[in-house]
Amino acid sequence: MKIVMLGAPGAGKGTQAINIAKEYDIPHVSTGDIFRANIKNGTELGMKAKEYMDKGALVPDEVTIGMLLDRISEPDCKNGYVLDGFPRTIPQAESLRKALTEKGDKLDVAVNIEVPDAVIEERMSGRRACLKCGATYHVVYTPPKKEGICDNCGSELVQRADDKPETVKARLATYHEQTQPLIDFYKKEGILKEVDGTQSPSDVFKAVMEALS
Ligand code: ADP
Ligand code: AMP
């Protein structure tokens, strides 16, 4: 199963992608997580990505596309993957389609998680992230069992630098301008499924599973 998660930043893509990955036993590939791991390790790629991420802008396609195509050609992606945060631009979607077509392959489903901007701002201000395993929590909606500690791996949770209200506004603007057009792109491809993301995480997951079946 090859799945793309669409939706605004904070819509719940990561939360659901982790569930889908478990259910189908496929890797959860998040370009945001890959960039954050590179920032943490002080790599050149991380330093370049940080410049853009801190402003709420997208990391340039020249950097992002190659990185993602390399990641999905690793052996664990042989039987599929769930992409979270990629594609975010039409050129990224076209490059992915081209790379898959060259191998006689294609995406199965693009799931769009719909959440209004006002709800997004509240979700992102309460988001806490585990930089080690990629799990996300919300201080009110989905708190960890022990405050500040990841249920999955026991690491300390952090508030992401780009979840500050000013940066969230910029990220939403970037989303509407550059990423939202992908909804039509995948509608035209005939693989788009829409899910109401304002429900509880478990109800969103039920709706996602129906969309994938
Ligand atoms: P994305 O990956 O799309 O940026 P996340 O999965 O990180 O979004 O979710 C953003 C925030 O909203 C997190 O704090 C997460 O715990 C919380 N969240 C996710 N899904 C829901 C939901 N259905 N209801 C309430 N809060 C949610
Ligand atoms: P995310 O974790 O998906 O919210 O991504 C965090 C940030 O990483 C984004 O705001 C972008 O700056 C950058 N990023 C993640 N994925 C991409 C992508 N596919 N293209 C460009 N930038 C990205």
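Every number for a ligand or one of its atoms is a count from 1 in the order of the listing.
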Quick test: of every protein heavy atom, which one is nearest to atom 8 (O) of ligand 1, and how far off is it to 0.1 Å? Gly12 N, 3.2 Å
Any N or O of Ala11 closer than 3.5 Å to N or O of ligand 1: yes
Val59 backbone acceptor or donor facing Glu51 side chain under 3.5 Å: no
Below 4.0 Å from ligand 1: does a non-hydrogen atom of Ser30 turn up there or not? no
Would you find a donor on one side and an acceptor on the other, under 3.5 Å apart, between the side chain of Asp151 and the backbone of Lys145? yes
Under 4.0 Å from any heavy atom of Tyr137, which atoms of ligand 1 are there? 13 (C), 14 (O), 16 (O)
Using distance alone, determine whether Gly10 and ligand 1 share an N or O pair under 3.5 Å. yes
Which atoms of ligand 1 sit under 4.0 Å from any heavy atom of Ser200? 23 (N)
among protein heavy atoms, the one nearest atom 20 (N) of ligand 2 is Gln92 NE2, 2.9 Å
Can you pull out the closest protein heavy atom to atom 17 (C) of ligand 1? Residue, atom name and distance to 0.1 Å, please. His138 CB, 4.0 Å
List the closest protein heavy-atom neighbour of atom 23 (N) of ligand 1: residue, atom name, distance to the nearest 0.1 Å. Gln199 O, 2.8 Å
Please confirm whether Ala57 comes under 4.0 Å of ligand 2, counting heavy atoms of the residue only. yes
Lys13 near ligand 2 by a heavy-atom separation under 4.0 Å: no
Run the contact test for Gly7 against ligand 1 with a 4.0 Å cut-off on heavy atoms, strictly below, and give the result. no
Polar proximity ligand 1 side, Tyr141 side, N/O cut 3.5 Å exclusive: no
Under the 3.5 angstrom rule, does the side chain of Asp108 hit a backbone N or O of Lys2 as a donor-acceptor pair? yes
Pair Arg88 + Asp61, salt bridge at N-O below 4.0 Å: no
Please determine whether the number of non-hydrogen atoms from other residues, nucleotides or ligands lying under 6.0 Å from atom CD of Glu147 exceeds 12. no
among protein heavy atoms, the one nearest atom 19 (C) of ligand 1 is Thr15 OG1, 3.4 Å
Any N or O of Ser30 closer than 3.5 Å to N or O of ligand 2: no
Which residue owns the protein heavy atom closest to atom 23 (C) of ligand 2, what's the atom, and how far is it? Phe35 CE1, 3.7 Å
Selection from Val59, Thr179, Ile39 by shortest heavy-atom distance to atom 22 (N) of ligand 2: Val59
Under 3.5 Å, side chain of Lys13 to main-chain N/O of Ala8, donor-acceptor pair present? yes
For Gly85, atoms of ligand 2 separated by under 4.0 Å from a heavy atom: 16 (N), 17 (C), 18 (C), 19 (N)
If you measure every N/O of Tyr52 against every N/O of ligand 2, is any gap under 3.5 Å? no
Nearest protein heavy atom with distance in Å, relative to atom 20 (N) of ligand 1: Arg123 NH1, 3.8 Å
Going by distance only, is there an N or O of Gly14 that falls short of 3.5 Å from an N or O of ligand 1? yes
Among all protein non-hydrogen atoms, which one is nearest to atom 16 (O) of ligand 1, and what is the separation to 0.1 Å? Thr142 OG1, 2.9 Å
Under 3.5 Å, is there a donor-acceptor pair between the Glu74 and Tyr81 side chains? no
Heteroatom proximity flag, Asp33 to ligand 2, N/O under 3.5 Å: no
Among all protein heavy atoms in this structure, tell me which lies nearest to atom 7 (O) of ligand 1, with the distance rounded to 0.1 Å. Arg127 NH1, 2.6 Å
Which ligand 2 atoms are under 4.0 Å away from a heavy-atom of Arg171? 4 (O), 10 (O)
Below 3.5 Å, N or O to N or O, backbone or side chain included: is there any such pair between Arg88 and ligand 2? yes
Is there any N or O on Arg160 that sits under 3.5 Å from an N or O of ligand 2? yes
One finds that the ligand 1 atoms under 4.0 Å from a non-hydrogen atom of Lys13 are 1 (P), 2 (O), 3 (O), 4 (O), 6 (O), 8 (O)
Is it the side chain, the backbone, both or neither of Glu51 that has a heavy atom closer than 4.0 Å to ligand 2? neither
For Tyr52, does the six-membered ring have the charged nitrogen or CZ of Lys55 within the cation-pi criterion, i.e. under 6.0 angstrom from the centroid and within 45° of the normal? yes
Where on Thr64 is there a heavy atom closer than 4.0 Å to ligand 2, on the side chain, on the backbone, on both, or on neither? side chain
Strictly distance-based, threshold 3.5 Å: is any side-chain N or O of Thr31 a donor or acceptor partner for the main-chain N or O of Leu68? no
Based purely on interatomic distance, does Asp162 place a nitrogen or oxygen under 3.5 Å from a nitrogen or oxygen of ligand 2? no
Test item: Thr167 side-chain N/O and Asp163 main-chain N/O as donor-acceptor pair under 3.5 Å: no
Short side-chain donor-acceptor distance under 3.5 Å, His28 and Asp33: no
